[in-house]
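See structure below.
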Amino acid sequence: MKIYTKTGDKGQTALYGGTRVSKSSARVEAYGTVDELNSFVGMAKSAIQNEKLIGQLKKIQFDLFTLGAEVATPEDKLMLANGKSRLPLVIEHQDIEKLENWIDDWEQILQPLQFFILPAGDHASATLHVCRTVTRRAERALVFVNENENSRPELLQYLNRLSDYFFVVARVIAQKNGTAEEYWNPAERPE
C-alpha cells in the first residue's frame, strides 16, 4: 500500500465518514493542531527522565489521537444509523478527571505562584510550555469549529484541563532538574 493517495493534491481532504472539505476548513485546522500537539508531546517525552510523567504523557498522546478522531468527524457523521458512535473511543468525563487528579498530585510539590512564569527552563520544561501553548491554540480552533457546528463539551473541557496540566508539569520538571523559574516581575525589568 502506498502512503500517498493523490486525492488531496487540489487542496481537499476527506473527514472521517467521507465528507470532502477544503484543507483550510476550521475542522481540519482544529484536528491538525491536535496532531501537532501530539508531536510536541512526543518531543517532550524524549527529553524527560521521570517514568511516572512519561506514562502520563503516553496516556495523553493516546487521548489526543482519540480526541483528534472525533474532531475529524462531522457532527452529522458521528452517529451510525443504529445509534452507536462511528468511533471506537471518545473522550469521556473520566479522562478529564484523570487529568485533574494528576494536576492535584503534581501541584503538591510546588510552591504557590507569586508572579507570572516565563515559558523557559531546561529543554524538557520549555518543551512542556510549548505543549501548553499549542494546547491553547487547539482549544481556540475547536471553539471556532463550535461557532458553526457542535462538538461534545468533553472535548473542550479536556483541552482546557490539558493546558493546565502542561503548565504544572513544566514547573515540576524545572524544579526536579534544579532549573530556576524565570518570572515576569514588573519590579525586576531586564535592561
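For the single chain, residues carry numbers from 1 onward in sequence order. Model, not experiment: these values are computed from the prediction.
By the 4.5 Å heavy-atom criterion applied to side chains, Glu36 and Arg137 are counted as neighbours. Between Cys131 and Leu37, some side-chain heavy-atom pair lies under the 4.5 Å cut-off. Side-chain contact between Phe65 and Ile60: absent, with no pair of heavy atoms (C-beta onward) separated by less than 4.5 Å.
Annotation: the span from Leu87 atom CG to Leu67 atom CG amounts to 10.5 Å, rounded to 0.5 Å. Between the CZ atom in Arg140 and the OG1 atom in Thr135 there is a gap of 10.5 Å [rounded to 0.5 Å]. Residue His93 holds its NE2 atom at 4.0 Å from CD of Glu97, rounded to the nearest 0.5 Å. For the atom pair CD (Glu154) and CD (Glu70), the distance works out to 8.0 Å, reported to the nearest 0.5 Å. In this structure, CG on Asp122 lies 4.0 Å from OG1 on Thr179, to the nearest 0.5 angstrom. For the atom pair Leu78 CG and Thr73 OG1, the distance stands at 6.0 Å (nearest 0.5 Å).
Across all their heavy atoms, Arg152 and Ile91 have their closest contact at NH2-O, 2.6 Å. The minimum heavy-atom distance linking Ser125 with Ile173 is given by the pair N-CG2, 4.0 Å. Heavy-atom minimum distance, Arg132 versus Pro119: NH2-CB, 4.0 Å. In plain terms, the two heavy atoms of Ala47 and His123 that are nearest each other are CB-CD2, 3.3 Å. The two residues Pro74 and Glu149 come nearest to each other via the heavy atoms CA-OE1, 4.4 Å. Here the closest heavy-atom approach between residue Leu128 and residue Ala44 is recorded as CD2-CB, 3.9 Å.
Hydrophobic clustering of Ile, Leu, Val, Met, Phe, Trp and Tyr side chains at less than 4.5 Å, counting indirect connections, unites Trp102 with Ile54. Criterion: ILVMFWY side-chain heavy atoms under 4.5 Å apart, direct or through other members. Under it, Tyr158 and Val143 are part of a common hydrophobic cluster. Hydrophobic clustering, with ILVMFWY side chains joined whenever heavy atoms are under 4.5 angstrom apart, keeps Phe144 apart from Leu155. Ile109 and Leu57 fall within the same hydrophobic cluster, defined by Ile, Leu, Val, Met, Phe, Trp and Tyr side-chain heavy atoms under 4.5 Å apart, directly or through other members. When the side chains of ILVMFWY residues are joined at heavy-atom separations under 4.5 Å, either directly or via intervening members, Leu53 and Met43 end up in a single hydrophobic cluster.
Within a 6.0 Å sphere centred on NZ of Lys98, heavy atoms belonging to other residues, nucleotides or ligands number 12 at most.
Counting only distance, with no hydrogens or angles, the side chain of Asn38 and the backbone of Leu64 share no donor-acceptor pair below 3.5 Å. A donor-acceptor pair under 3.5 Å links the side-chain atoms of Asn146 to the main chain of Ser151, judged by distance alone. Checked by atom type and distance alone, the side chain of Arg136 never pairs as donor or acceptor with a backbone atom of Ser163 at under 3.5 Å.
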Original post:
Do Ser85 and Val90 pass the side chain to side chain contact (heavy atoms under 4.5 Å, CB included) test, and can you show the C-alpha distance, the side-chain angles, and the key distance before you say yes or no?
Top reply: CA-CA 9 Å; Ser85 173; Val90 294; 4.3 Å; yes
**OP:** Would you please test Gln61 and Lys45 for side chain to side chain donor-acceptor pair (under 3.5 Å) and show each step?
**Re:** CA-CA 10 Å; Gln61 283 192 294; Lys45 277 177 21 191; 2.6 Å; yes
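The aromatic rings of Phe167 and His129 sit perpendicular to each other, their planes meeting at more than 60°, with 30° as the lower class boundary.
Classification of Arg171 and Glu107 as a salt-bridged pair fails, no side-chain N sitting under 4.0 Å from a carboxylate O. In this structure, Asp63 does not pair ionically with Lys58, as no charged nitrogen and carboxylate oxygen lie closer than 4.0 Å. A salt bridge links Lys59 to Asp95: at least one charged side-chain nitrogen sits closer than 4.0 Å to a carboxylate oxygen.
A donor-acceptor pair shorter than 3.5 Å can be found between the side chains of Gln56 and Trp106.
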